[in-house]
A.B. asks: 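One structure, as structure tokens, below. Some questions next.
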Amino acid sequence: MEQRIGSSSQPLEGAGFDPAFIPGLTSPASGRTEDDGPEKEPEVAEAEDAGEAEDASPEPEESAETSPSEPEEADVDGPVFEASDRRARMVADHRGVRLSLDDQECEFRWDEIGAVETETARFGKRYTVTVHTPDRRWYPIEIEAPARSHFKEWDEQLDAVLDAYFEEDAG
């Protein structure tokens, strides 16, 4: 009869022991086996090969992307709203709404937006824009204005963009 040296109990898994554990979305880190190591190496090699292939031809892709978008930008003369501070930035134009905070960015096309809400702080210079999606999610961003007098100007510019591009459903 063989006996194992060490503990016979399996490590506990779940959100109580691993805050990053989300059942169904990610596998727990402790569930890995020794066989995972060698299988990962070919994936890394494939990713490196793909990276080399991408590095070999970035110019045609970039030029293909920039050439169609340049005329598109030039053809559209509609209103544009842009507000930013040292960390946050918001742009609303014919393509939709783009929010960025530090190194995080998100972009919403006009058909993905359910509502756009603005709010100003009672005291201070924070201008909050919240983008609501039809699936009941919201994405707020706070932008610090140089002065409180910019709030009215920003509201007027954003309203002009929303009037031009945003179509509300009738029912």
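Note: hydrogens, waters and symmetry copies are ignored here, and every other heavy atom, side chains too, is used. Given the structure is predicted, the values throughout are model-derived calculations rather than measurements.
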A.B. asks: Could you tell me which non-hydrogen atom of V97 sits nearest to which non-hydrogen atom of M90, and how far apart they are?
C.D. replies: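 Here V97 and M90 meet closest at CG1-CE, 3.8 Å.
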
A.B. asks: Please tell me if the side chains of F81 and V91 come closer than 4.5 Å, counting only heavy atoms from C-beta onward.
C.D. replies: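 Result no, sub-4.5 Å side-chain heavy-atom pair not found.
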
A.B. asks: Roughly how far, to the nearest 0.5 Å, is the CG atom of D159 from the CZ atom of F166?
C.D. replies: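 F166 atom CZ to D159 atom CG measures 12.0 Å (nearest 0.5 Å).
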
A.B. asks: Where the side chain of E112 meets the backbone of R109, is there a donor-acceptor pair that is under 3.5 Å apart?
C.D. replies: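 Answer holds: yes.
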
A.B. asks: Report yes if some heavy atom in the side chain of L162 is under 4.5 Å from a heavy atom in the side chain of W110; otherwise report no.
C.D. replies: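 They are in side-chain contact.
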
A.B. asks: Which pair of non-hydrogen atoms, one from Y165 and one from G78, has the smallest distance, and what is that distance?
C.D. replies: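 Closest pair (atom of Y165, atom of G78, distance): OH-CA, 3.0 Å.
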
A.B. asks: With sequence neighbours excluded, what pairs up with R86 under the side chain to side chain contact (heavy atoms under 4.5 Å, CB included) test?
C.D. replies: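 With neighbours one apart ignored, the set is empty.
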
A.B. asks: Between R148 and G124, is there a donor-acceptor pair closer than 3.5 Å when you use the side chain of the first and the backbone of the second?
C.D. replies: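 Checking the backbone N and O of G124 against the side chain of R148, a donor-acceptor pair under 3.5 Å is found.
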
A.B. asks: Which heavy atom of L101 sits nearest to which heavy atom of A88, and what is that distance?
C.D. replies: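 Smallest heavy-atom distance, with atoms named: CD1-CB, 3.9 Å.
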
A.B. asks: How far apart are the C-alpha atoms of Y139 and T130, what are their side-chain angles, what is the distance that settles it, and do they pass the side-chain contact (heavy atoms from CB on, under 4.5 Å) test?
C.D. replies: CA-CA 5 Å; Y139 302 87; T130 306; over 6 Å; no

A.B. asks: Can you find a pair of side-chain heavy atoms, one from D93 and one from V161, that are under 4.5 Å apart?
C.D. replies: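 No, their side chains stay 4.5 Å or more apart.
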
A.B. asks: Determine the minimum heavy-atom distance between P140 and T128, stating which atoms define it.
C.D. replies: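 Nearest pair, atom of P140 first, then T128: CB-CG2, 4.5 Å.
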
A.B. asks: Test T118 against W154 for side-chain contact (heavy atoms from CB on, under 4.5 Å), laying out the working first.
C.D. replies: CA-CA 10 Å; T118 61; W154 284 354; over 6 Å; no

A.B. asks: Is the number of heavy atoms from other residues, nucleotides or ligands under 6.0 Å of R126 CZ greater than 12?
C.D. replies: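 It does not: R126 CZ has 12 such atoms or fewer within range.
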
A.B. asks: Under 4.0 Å between a side-chain nitrogen and a carboxylate oxygen: does that hold for R87 and E144?
C.D. replies: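 So R87 does not pair with E144 through a salt bridge.
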
A.B. asks: Can you list the steps and then say if D155 with Y127 is a side chain to side chain donor-acceptor pair (under 3.5 Å)?
C.D. replies: CA-CA 10 Å; D155 275 335; Y127 184 75; 2.7 Å; yes

A.B. asks: Quick one, H132 with E117, criterion side-chain contact (heavy atoms from CB on, under 4.5 Å). Give me CA distance, side-chain angles, the key distance, then yes/no.
C.D. replies: CA-CA 8 Å; H132 296 270; E117 175 185 21; 3.0 Å; yes

A.B. asks: Could you tell me which non-hydrogen atom of K125 sits nearest to which non-hydrogen atom of P146, and how far apart they are?
C.D. replies: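 What the structure gives for the nearest pair is NZ-O, 3.5 Å.
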
A.B. asks: Side chains of T133 and I113: does their closest heavy-atom pair fall under 4.5 Å?
C.D. replies: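 Heavy-atom side-chain distance check fails, nothing below 4.5 Å.
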
A.B. asks: Indicate yes or no: at least one non-hydrogen side-chain atom of R89 is less than 4.5 angstrom from one of E82.
C.D. replies: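 When only atoms from C-beta onward are counted, E82 and R89 do touch, with a gap below 4.5 Å.
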
A.B. asks: Looking at I143 and S84, what are the two nearest heavy atoms and their distance?
C.D. replies: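 Nearest pair, atom of I143 first, then S84: CG2-C, 3.8 Å.
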
